Amino acid sequence: MSDKKKAAKKTAAATALDGAGGKLDKKTYERELRRLHVELVKLQRWVVHAGLKVVIVFEGRDTAGKGGTIKAITERVSPRVFRVVALPAPNDREKSQMYIQRYLPHLPAAGEVVIFDRSWYNRAGVERVMGFCEEREVRRFLDAVPAVEKAMTESGILLIKYWLEVSSDEQTRRLQARIDDGRKTWKLSPMDLKSYSRWFDYSQARDDMFKYTHSDWAPWIVADSNDKKRARLNILSDLLERVPYQDLPQEAVVLPERQPAGKYREPKHKVSRVLERF
């Protein structure tokens with residue numbers, strides 16, 4: 001990507017603030033998101049054309065905005081190219097495997113982008129803080145994972161790791177909103193409530209994770225997510241700069257003429273229909 005294009009993106013992001021309150025207004029957000037979506041479609045075509053293999057890891061505290069950011073990335077691209085992986089808790093068989101083993105089958109082949117909504121870093125975060133593993137297992141993980149990630153990158157995978165950072169006050173506000181809003185109650189689990197009380201345990205776990213797993217080949221990239229809209233635009237812009245792509249030329253598309261009806265007539269089958277309430 002040219003320096004001119006990068007500068008234009010930064011300028012657009014800088015002018016996307018609502019001067020009154022420092023928040024992104026809805027109109028500006030939607031305009032910038034549309035622009036970034038166009039670029040993501042171009043990136044998608046290049047990923048398929050060039051056979052790139054991209055892995056994007058999203059980590060962060062509860063309510064940090066991982067799901068909304070992933071949705072912003074994927075809502076205008078093909079799920080056959082951009083694949084989201086959000087694994088459930090391991091079963092008994094998976095618990096007996098090498099820890100990272102169950103993640104390996106989900107790594108991309110050529111022409112794919114795989115997004116991990118939480119990842120192997122569960123061991124360094126929630127599993128450690130909530131006591132689901134022993135401290136020696138955490139230490140072994142922190143020692144081993146840089147070598148594993150180096151093997152990934154040496155195989156041709158572009159590995160991008162985002163940590164979404166949210167303040168304690170903003171986390172409280174978002175969790176309370178989940179309690180009060182019937183549309184969001186499904187997001188609130190007993191684990192969220194237990195995690196909420198252990199803010200500084202999570203801070204220490206995050207700090208150790210950065211210390212031992214930030215590397216030249218797989219660095220951690222921190223995004224301030226206290227303003228969700230701004231965080232999404234910033235992360236999408238950052239992603240477009242980190243994945244090298246070119247704008248492939250497209251042939252003009254012209255709709256062909258439809259065939260004549262000929263002998264076809266609409267049948268009068270007895271079917272049920274959706275009641276038109278609106």
Side-chain angles (χ1 to χ4, degrees), residues 55-75 83-106 114-142 145 161-213 220 222-229 231-232 235:
V55 170
I56 309 169
V57 169
F58 279 98
E59 295 288 344
R61 300 178 191 269
D62 295 325
T63 77
K66 298 180 292 296
T69 302
I70 291 170
K71 181 179 178 181
I73 292 173
T74 59
E75 64 183 339
R83 181 160 46 89
V84 179
V85 176
L87 298 185
N91 57 35
D92 289 341
R93 180 175 183 276
E94 289 169 334
K95 289 178 182 178
S96 71
Q97 296 174 342
M98 181 179 71
Y99 177 73
I100 204 170
Q101 185 173 338
R102 74 188 189 117
Y103 295 96
L104 298 180
H106 299 281
V114 174
I115 301 174
F116 283 94
D117 184 356
R118 294 196 182 274
S119 64
W120 46 92
Y121 282 102
N122 276 344
R123 171 128 299 178
V126 63
E127 291 187 13
R128 182 185 193 183
V129 173
M130 302 307 295
F132 296 152
C133 61
E134 297 180 8
E135 190 64 19
R136 61 181 176 80
E137 293 176 303
V138 176
R139 290 298 167 186
R140 187 162 60 237
F141 170 81
L142 293 174
V145 76
K161 303 186 304 192
Y162 288 112
W163 174 271
L164 275 61
E165 186 65 38
V166 65
S167 69
S168 58
D169 289 344
E170 181 62 15
Q171 186 189 55
T172 299
R173 190 194 69 77
R174 291 178 186 178
L175 285 172
Q176 191 62 52
R178 292 182 181 182
I179 295 171
D180 298 337
D181 190 335
R183 299 168 299 174
K184 300 178 180 179
T185 53
W186 65 273
K187 293 183 175 183
L188 191 64
S189 70
M191 186 66 64
D192 293 331
L193 300 178
K194 291 180 182 178
S195 298
Y196 176 78
S197 66
R198 301 185 180 182
W199 176 269
F200 292 105
D201 288 342
Y202 271 100
S203 296
Q204 185 61 60
R206 175 205 59 199
D207 295 346
D208 285 348
M209 186 180 74
F210 288 170
K211 178 179 179 180
Y212 291 102
T213 65
W220 278 105
V222 178
D224 184 332
S225 65
N226 284 301
D227 181 340
K228 288 184 178 181
K229 291 186 177 69
R232 291 168 194 163
I235 291 171

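What you see below is based on every heavy atom in this structure, not just the backbone, and it leaves out hydrogens, waters and symmetry mates. Computed from a prediction, not measured in an experiment: that's the story for all the values here. The chain is numbered in sequence order, starting from 1.
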Could you tell me the separation between the [atom1] atom of [X] and the [atom2] atom of [Y], rounded to the nearest 0.5 Å?
{"X": "Glu134", "Y": "Arg140", "atom1": "CD", "atom2": "CZ", "answer": "9.0 Å"}
{"X": "Leu175", "Y": "Glu170", "atom1": "CG", "atom2": "CD", "answer": "10.0 Å"}
{"X": "Trp220", "Y": "Arg206", "atom1": "CH2", "atom2": "CZ", "answer": "11.5 Å"}
{"X": "Met98", "Y": "Leu104", "atom1": "CE", "atom2": "CG", "answer": "5.5 Å"}
{"X": "Glu165", "Y": "Gln171", "atom1": "CD", "atom2": "CD", "answer": "10.0 Å"}

side-chain contact (heavy atoms from CB on, under 4.5 Å) assessment of Tyr202 paired with Met130: CA-CA 10 Å; Tyr202 271 100; Met130 302 307 295; 4.0 Å; yes

Between [X] and [Y], what is the shortest heavy-atom contact and its length?
{"X": "Ala64", "Y": "Ser225", "value": "O-OG, 2.8 Å"}
{"X": "Glu94", "Y": "Asn91", "value": "N-OD1, 2.7 Å"}
{"X": "Ala124", "Y": "Leu142", "value": "CB-CD2, 4.0 Å"}
{"X": "Pro90", "Y": "Arg102", "value": "CD-NH2, 3.6 Å"}
{"X": "Asn226", "Y": "Asp224", "value": "N-OD1, 2.9 Å"}

Charged N to carboxylate O below 4.0 Å: is that the case for [X] and [Y]?
{"X": "Asp180", "Y": "Arg173", "result": "no"}
{"X": "Arg128", "Y": "Glu135", "result": "yes"}
{"X": "Lys71", "Y": "Glu75", "result": "no"}
{"X": "Asp208", "Y": "Arg139", "result": "yes"}

Tyr103 and Ser119: side chain donor to acceptor below 3.5 Å: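 No, no side-chain donor-acceptor contact under 3.5 Å.
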
Distance-only donor-acceptor check, side chains Arg61 and Ser203, under 3.5 Å: yes

Audit row: Val166, Arg174, side-chain contact (heavy atoms from CB on, under 4.5 Å) steps and yes/no: CA-CA 10 Å; Val166 65; Arg174 291 178 186 178; 3.8 Å; yes

Evaluation steps, side-chain contact (heavy atoms from CB on, under 4.5 Å), between Arg178 and Thr63: CA-CA 10 Å; Arg178 292 182 181 182; Thr63 77; 3.7 Å; yes

Listed partners of Phe141 passing ring-ring contact (aromatic ring centres under 6.0 Å, His included), at least two apart: Tyr99, Tyr121

State, yes or no, whether a side-chain contact exists between [X] and [Y] at a heavy-atom distance under 4.5 Å.
{"X": "Ile235", "Y": "Leu164", "answer": "yes"}
{"X": "Glu127", "Y": "Glu137", "answer": "no"}
{"X": "Arg232", "Y": "Thr69", "answer": "yes"}

Test item: Lys66 side-chain N/O and Gly60 main-chain N/O as donor-acceptor pair under 3.5 Å: yes

Whether over 12 other heavy atoms sit under 6.0 Å from Tyr196 OH: no

Stepwise side-chain contact (heavy atoms from CB on, under 4.5 Å) check, Ile115 with Asp117: CA-CA 6 Å; Ile115 301 174; Asp117 184 356; 5.8 Å; no

